[in-house]
Number of protein chains: 2
Amino acid sequence: MTFEVTILGSSSATPIFNRNPTSQLLNCNDKFYLIDCAEGTQQQLIKFGLKASKIDYIFISHLHGDHYFGLIGLLSSLHLNGRIKPLHIFAPKAIQEILELQFKHSDTNLKYELIYFAIDPTKSEVIFENNDVSVQTIILNHRIPCTGFKFTEKKRLRKLLIEKLEQDEIPIELYPLLKRGVDLDLPNGNVIKNIDYTTDSATPKSYAYCSDTLYDSKYFESIRGCDTLYHEATFLHEMIERAKETHHTTALQAAEVAQTVGAKKLLIGHFSSRYKTLVELLDEARTVFPKTELAIEGLTFEI
Amino acid sequence: MTFEVTILGSSSATPIFNRNPTSQLLNCNDKFYLIDCAEGTQQQLIKFGLKASKIDYIFISHLHGDHYFGLIGLLSSLHLNGRIKPLHIFAPKAIQEILELQFKHSDTNLKYELIYFAIDPTKSEVIFENNDVSVQTIILNHRIPCTGFKFTEKKRLRKLLIEKLEQDEIPIELYPLLKRGVDLDLPNGNVIKNIDYTTDSATPKSYAYCSDTLYDSKYFESIRGCDTLYHEATFLHEMIERAKETHHTTALQAAEVAQTVGAKKLLIGHFSSRYKTLVELLDEARTVFPKTELAIEGLTFEI
């Protein structure tokens, strides 16, 4: 199953040349989940050849503009381009008022339904679930209420050993039951042991997205053991005071989070515009957590 | 005096690859006026090496998103980048409510003052004036209230003939009076005739910006005789029915407007995303008005 994330923006606060503020597109089993939506997100999707029309779920971490100012434009373009299927928005409650005010003044009556889910920023809970994935909120510590999101794959069905099944002439009608892990007692007295004809599917993976936050152990539990951790790393550690003041994290701290929670891989982003190149941020994080990568525009990471 | 406009966006409704929705930056005597502000305008300014911090006046024609969704992001970035000087916004009344709602939810207290002027879309009037330029609204005919803007240079002071002034040893203290066109009777009985020492300054130029509108003779009077006319040309004339339905103009009609009002130059823009190349739109306009140019991203036109 595909489970990967494409980075649409790596800049904090303001865009700078070649870096856009935060947005990511998660592909889970060819269903598309947009995480945050800064100004210019629809242009970034076009630039990287990704189809906005395929997105059915949008998750907004908080209402600082560098995480949502592109939402109204994206939704408007979907409307103008003829979307009719519903679209789900998981975001702070006020997003609905903000969007509807702008639709009202542009006299826009959306041709598709927007289904809002108002995130409660005070508790970590599962806010979405389908056959592929569940999404749990992560309570972050920022200047305004802010939640991250942990996407966890659902356990997949067992894999059939087709060659063996064919060799023993097991009827094809039984395959779905075997995929579900069932042992079968046949009317003729034969027993089909599941273990002989299937293997376990891959272990479900998880992706934790921590957008804007002060380094704070309170949220560690909800991201413990995640496979890929995206964590903001706005500053180098020499700017730790500025990081605290603005409720952000340094590259070193992001790496410490990854190490502490036992993540397998770390992606860092949300870089201050003061950094014209990013190699120092990467190097700093890698001193603590070697499996760190820069989450920069256009890159796709397998979870 | 510099009087030129740089195009930041040429697309209608939705962005497409390499074309952004509408925004233009007018430079009049090294003061900067932003006209409309679609999503991605701040990124376009960065791309073309133009400083957002120099903009003191913003004019928004109407509240369709492709003309203003970039405003909140631009204003936020100016705040984050330390702006303290006031900024003037001339726009439909509701813009204030839309912006303030978003500032409230992001807990943003701007470090600079926003001075709002609510445009009355029912009358053509002068809404701004300084030593360089006056701005008059143009009542357009669109699906929601929409005004264009005519920027007219102020008459400049007369030009001094320095060589002649020095030759006749005219005291330098008198220069400012001569620039204002005054004849001088000196105490010693000498008369300094202005016409001998100065020449007229260049005739003031005007730039008319017609953003989104149905072809409608009602607004012709307010743009008559303008030097450069920017007029939307969303469709080829073969799409005239679609143009009427959506309250837009065809390239042929834009050229007819330019010809009818006696403009010296026509810029066309606001192109539908159905047109992957624009040469047909240009060719069509030039059949009626040869001095037509495509107003595309990054081009600067002297008025």
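Hydrogens, waters and symmetry mates play no part in the numbers below; they use all other heavy atoms, side chains included. Note on naming: letters A, B, ... go to the chains in the order of the sequence lines (proteins, then strands), and numbering restarts at 1 for each one.
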Can you tell me if [atom1] on [X] sees more than 12 non-hydrogen neighbours from other groups inside 6.0 Å?
X      : atom1 : value
A/K54  : NZ    : no
B/K93  : NZ    : no
B/K51  : NZ    : no
A/E280 : CD    : no
A/K123 : NZ    : no

Please round to the nearest 0.5 Å and tell me the distance separating atom [atom1] of [X] and atom [atom2] of [Y].
X      : Y      : atom1 : atom2 : result
B/I46  : A/N20  : CD1   : CG    : 9.0 Å
A/D107 : B/L63  : CG    : CG    : 11.0 Å
B/S77  : A/I16  : OG    : CD1   : 11.5 Å
A/L101 : B/I98  : CG    : CD1   : 5.0 Å
A/K47  : B/N18  : NZ    : CG    : 10.0 Å
A/I144 : B/H105 : CD1   : NE2   : 10.0 Å

Segment of [X] engaging chain B (4.5 angstrom heavy-atom cut-off):
X     : value
A/I72 : both
A/N81 : side chain
A/T41 : backbone

Interface residue of largest heavy-atom contact number with chain A, from B/G65, B/A38, B/G70, under 4.5 Å: B/G70
Largest heavy-atom contact set with chain A, pairs under 4.5 Å, which of B/R143, B/H67, B/H62, B/E97: B/E97
Any side-chain heavy-atom pair from [X] and [Y] closer than 4.5 angstrom?
X      : Y     : result
A/Q42  : B/P15 : yes
B/F17  : A/Q43 : no
B/S106 : A/Y68 : no

Short side-chain to backbone donor-acceptor contact, A/E39 and B/E39, under 3.5 Å: no
Toward chain A, the part of B/I95 with a non-hydrogen atom under 4.5 Å: neither
Interchain contact, B/T246 with chain A, by part (heavy-atom threshold 4.5 Å): neither
Closest contact, heavy atoms only, B/F69 versus A/S76: CE1-OG, 3.4 Å
